[in-house]
Participant: 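Below is one structure. I have some questions about it.
In what follows, every chain begins at residue 1, and chains take the letters A, B, ... in the order their sequences are listed.
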There are 2 protein chains.
Amino acid sequence: MAAIVTRKEVAELAGVSEATVSRVFNDVGPMKEQTRQRVLQAAKTLNYHPNAIAQSFARRRSGNLGVVLPYVPKVHIFSTYYFSEVLSGIGEQVKASGYDMLLKFRVPGEESDYSSIFRSQKVDACVILGATDTPSERAELKKLEDGGFPFCLINQHMSGERFNEVDADHEGGSYRAVRHLLDLGYRDIAFLSGSPEFSNSGDRLRGYMQAMREAGLLSADAKAPGDLPAHLYYEGNYSRTSGMKAASAMHPNLKRIEAVFASNDRMAIGLMQGLREYGHVPGRDYAIVGYDDSEAARVTVPPLTSVAVPFYEMGRLAAERLLRRVGGGNETGGASESFRLKLDTKLVVRQSCRILR
Amino acid sequence: MAAIVTRKEVAELAGVSEATVSRVFNDVGPMKEQTRQRVLQAAKTLNYHPNAIAQSFARRRSGNLGVVLPYVPKVHIFSTYYFSEVLSGIGEQVKASGYDMLLKFRVPGEESDYSSIFRSQKVDACVILGATDTPSERAELKKLEDGGFPFCLINQHMSGERFNEVDADHEGGSYRAVRHLLDLGYRDIAFLSGSPEFSNSGDRLRGYMQAMREAGLLSADAKAPGDLPAHLYYEGNYSRTSGMKAASAMHPNLKRIEAVFASNDRMAIGLMQGLREYGHVPGRDYAIVGYDDSEAARVTVPPLTSVAVPFYEMGRLAAERLLRRVGGGNETGGASESFRLKLDTKLVVRQSCRILR
DNA sequence: TGAGATAATGAACGCGCGTACATTATTTTG
DNA sequence: CAAAATAATGTACGCGCGTTCATTATCTCA
């Protein structure tokens, strides 16, 4: 291992004190140009790089933005559209802000001790992905908030709390998707929901039901899955295989279903594959709209109409807001204002829904 | 911000010295059980967590595995199959080894100063993704090697060097793909290559040509793209859009092409989309084999025959080998043995190639 | 030219750990 | 029971920085 060059060696070569070396590298205080050049030359000669760990320690700041990801053994988490897009956006902002991105894997279901992530001092702020609205997770997040640790949830709203959040208008996106189907003449529109512990699943359902109520297809007080006809409500876990499973459940009812709105593209694709095995061709025998507008939506046959969610931008904004906060270093007074952003979604029309009537 | 609890406070509460607190937490030396319990109780009472930055500093070890990724502004790098799979595998191993994963983005084309990544001491070892075989990159990697910094290349072979590498048998995978087409009766088999600066592009081409030579479809001394009939060689950059572009170039020649072997699934998919616009249906009018066996291969119509590359396992093994090395802390003597692994690839047959003859 | 003001730089120490060596406590042995 | 051996714990300091306060060098002004 190559020997570590410290500022001590640089100071000796340049004939100055270590404090001067430090000042030069941090652009602090008055500095004679001649002295500065001498130091920089010595540093270059010795190929000196400040020890980042020592800097972090002395500054009491890690220079890392933590990203907390759910850990499921053997699951290729980075290959999930949502995570990969958000991470790309975070990465973009981290790079632009001169921070590093430290990934932390948290085992879901296990005692979530979020605050220990901060107490180790290894991250200055945290983006939390895959959080769920359960009492224990809420309690853990409250502890973070009470401790003044800067964090941000993405795509997970915790109503009644003042956590930092970056979310998207899933309800509006869902509403527009279903209105699109209604405008094409479809009336018997089924809904394939994702896991209910995610707030965004509830948002999608709400948008679906609002559009259906406005079209007079549901009673005015319909609010929950239980208020839907059984043949119009299905549930998966956002995976393609759960979409294929839903196809088995849906197939017997397909005489009574004209269209399907699925809560994400993967389930839509799995559903299409499953129904194709029963001889039902998407876009011809039934209409289908996905959600997320992932790359996969563009490669299916026919290409999928889907609601585009700006996950990349969500990740980028969360990182930007957090890093602005910790970079400002303005810890004056009590709890700072929380930020909550809700980004627009957009329906991208492709060939999976023909005009019916 | 919550006050930081240090071992000093724990020591006071437990009525022991700071060294004893340290010993308890590091399970070092003889320790009276009674004393140990007193310390642990005090730590729990104060909610003490060792400061990881201070630990890293004192240990002269960061506890981070660096992952170097190419940075291209606005490109959603995590959404690329190769990167996402490798990262998932690395993440799995990092979690298992009690390390953290620090992402570093490097601007390609820019002066690649890999060694500065190590000189900051912020990572103990590095996995390098997206490296290219250019003289300047080689020089930078040689500097790392000379400095004794532990790193590993993935999916990029640098012939003549002794760098740590984890690769896959692309030549063998390619060969088997083309043999499969030959076995189905196809003779006029075109090749859609990826960018030539990646070693694995050359591997794929070699496997293709070997199979074609053995079938007597190429002369015995054919070695380079120039030795191929022009209508059988195309080039893309591994993106879906470059595959669609290749479709335009290939379409006029489709009377003379029976099958296509594409260097990755994305280009295969783009090609299929492009040719479908000209009325050519994959699996019926021509056969096609992709590479990588990404998720997308499973959702196309028809599902794509593809060569499976264990990217996830490659990432996991690279991390395992590196972390074993730095964890062993055995820096005795000079340069340690480099490791080079080449994992098997496997042809996964689906419906994109019918029996021709 | 000397006093005062300002610029530039150095000395010292803290950040919160890990641990070598010294000291004290406890146990074993003759 | 005392000496020797072993177990347990404490003291002191280094890791490589950032920065406060002290000291020195330089400039300005009367």
Participant: Please check if the distance between the ring centroids of B:Y48 and B:F25 is under 6.0 Å.
Facilitator: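 Yes, they do, as the ring centres are separated by less than 6.0 Å.
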Participant: Closest nucleotide of DNA chain C for B:A54 versus for B:K32: which of these residues is on the 5' side?
Facilitator: B:A54
Participant: In whole angstroms, how far is the P atom of C:dA7 from the CZ atom of A:R36?
Facilitator: 18 Å
Participant: Considering every strand and a 4.0 Å limit on heavy-atom distances, what is the contact class for A:F25: base, sugar-phosphate, or nothing?
Facilitator: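 Here A:F25 touches no strand at all.
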Participant: State whether the side chain of B:R38 and the backbone N or O of B:A14 hold a donor-acceptor pair below 3.5 Å, judged by distance alone.
Facilitator: yes
Participant: Could you check how far NZ of B:K8 sits from P of C:dG14, rounded to whole Å?
Facilitator: 10 Å
Participant: Of the nucleotides D:dG16, D:dG18, D:dC15, which has the atom closest to the A:I4 side chain?
Facilitator: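 The listed nucleotide nearest to A:I4's side chain is D:dG16.
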Participant: To the nearest Å, how far apart are B:N26 CG and C:dT19 P?
Facilitator: 6 Å
Participant: Assess whether atom CD of A:E33 is packed by more than 12 heavy atoms of other residues, nucleotides or ligands within 6.0 Å.
Facilitator: yes
Participant: Do the non-hydrogen side-chain atoms of A:M101 and A:L87 ever get within less than 4.5 Å of each other?
Facilitator: yes
Participant: Salt bridge (charged side-chain N to carboxylate O under 4.0 Å, His left out), that's the test. Do A:E18 and A:R7 meet it? Break it down for me.
Facilitator: CA-CA 6 Å; A:E18 293 187 34; A:R7 74 184 187 186; 2.8 Å; yes
Participant: For the residue pair B:S79 / A:E85, report whether a side-chain donor-acceptor contact shorter than 3.5 Å exists.
Facilitator: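 The answer is yes; a qualifying pair exists.
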Participant: Taking only the side-chain heavy atoms of A:R60 (C-beta and beyond), determine which of C:dC15, D:dT19, D:dG18 contains the nearest atom.
Facilitator: C:dC15
Participant: Could you check whether B:D133 and B:S199, counting side-chain N and O atoms only, form a donor-acceptor pair closer than 3.5 Å?
Facilitator: no
Participant: Which nucleotide in the list C:dC15, D:dA8, C:dC17 gets nearest to the side chain of B:T35?
Facilitator: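 My answer, after comparing the listed nucleotides, is D:dA8.
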Participant: Could you tell me the separation between the CD atom of B:Q55 and the P atom of C:dC15, rounded to a whole number of Å?
Facilitator: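 Value for this atom pair: 17 Å.
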Participant: When the C1' atoms of the five terminal pairs at each end define the local axes, what inter-axis angle does the helix from C:dT1-D:dA30 to C:dG30-D:dC1 show, to 10 degrees?
Facilitator: 50°
Participant: Is there a donor in the side chain of A:Y114 and an acceptor in the side chain of A:E137, or the other way round, less than 3.5 Å apart?
Facilitator: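 Indeed, the side chains of A:Y114 and A:E137 share at least one donor-acceptor pair under 3.5 Å.
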Participant: What's the CZ-C1' distance between A:R61 and C:dG16, to the nearest Å?
Facilitator: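 In whole Å, C:dG16 C1' lies 18 Å from A:R61 CZ.
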Participant: What is the distance from CZ of B:R38 to P of D:dG10, rounded to the nearest Å?
Facilitator: 8 Å
Participant: Between B:Q34 (CD) and C:dT26 (P), how many Å, whole number?
Facilitator: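 Nearest whole value for this atom pair: 10 Å.
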Participant: What is the distance from CZ of B:F57 to C1' of D:dG14, rounded to the nearest Å?
Facilitator: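 One finds 8 Å between C1' of D:dG14 and CZ of B:F57, rounded.
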Participant: Indicate the atoms forming the closest heavy-atom contact of A:Q93 with A:R316, along with that distance.
Facilitator: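 That closest heavy-atom pairing would be OE1-NH1, 2.7 Å.
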Participant: Base, sugar-phosphate or nothing for B:S22? Non-hydrogen atoms, less than 4.0 Å.
Facilitator: base
Participant: Counting side-chain heavy atoms from C-beta on, which of C:dC17, D:dG16, C:dG18 comes nearest to B:R59?
Facilitator: C:dG18
Participant: Give the intermediate values and the outcome of ring pair (Phe, Tyr, Trp, His ring centres under 6.0 Å) for residues A:F118 and A:F151.
Facilitator: CA-CA 10 Å; A:F118 279 97; A:F151 70 94; 7.3 Å; no
Participant: Between the protein and nucleotides 10-13 of chain C, which nitrogen or oxygen pairs are less than 3.5 angstrom apart?
Facilitator:
{"from": "C:dG10", "atom 1": "OP1", "to": "A:S17", "atom 2": "N", "distance (Å)": "3.3"}
{"from": "C:dG10", "atom 1": "OP2", "to": "A:S17", "atom 2": "N", "distance (Å)": "2.7"}
{"from": "C:dG10", "atom 1": "OP2", "to": "A:S17", "atom 2": "OG", "distance (Å)": "2.7"}
{"from": "C:dG10", "atom 1": "OP2", "to": "A:T20", "atom 2": "OG1", "distance (Å)": "2.5"}
{"from": "C:dG10", "atom 1": "N7", "to": "A:R23", "atom 2": "NH2", "distance (Å)": "3.3"}
{"from": "C:dG10", "atom 1": "O6", "to": "A:R23", "atom 2": "NH2", "distance (Å)": "2.4"}

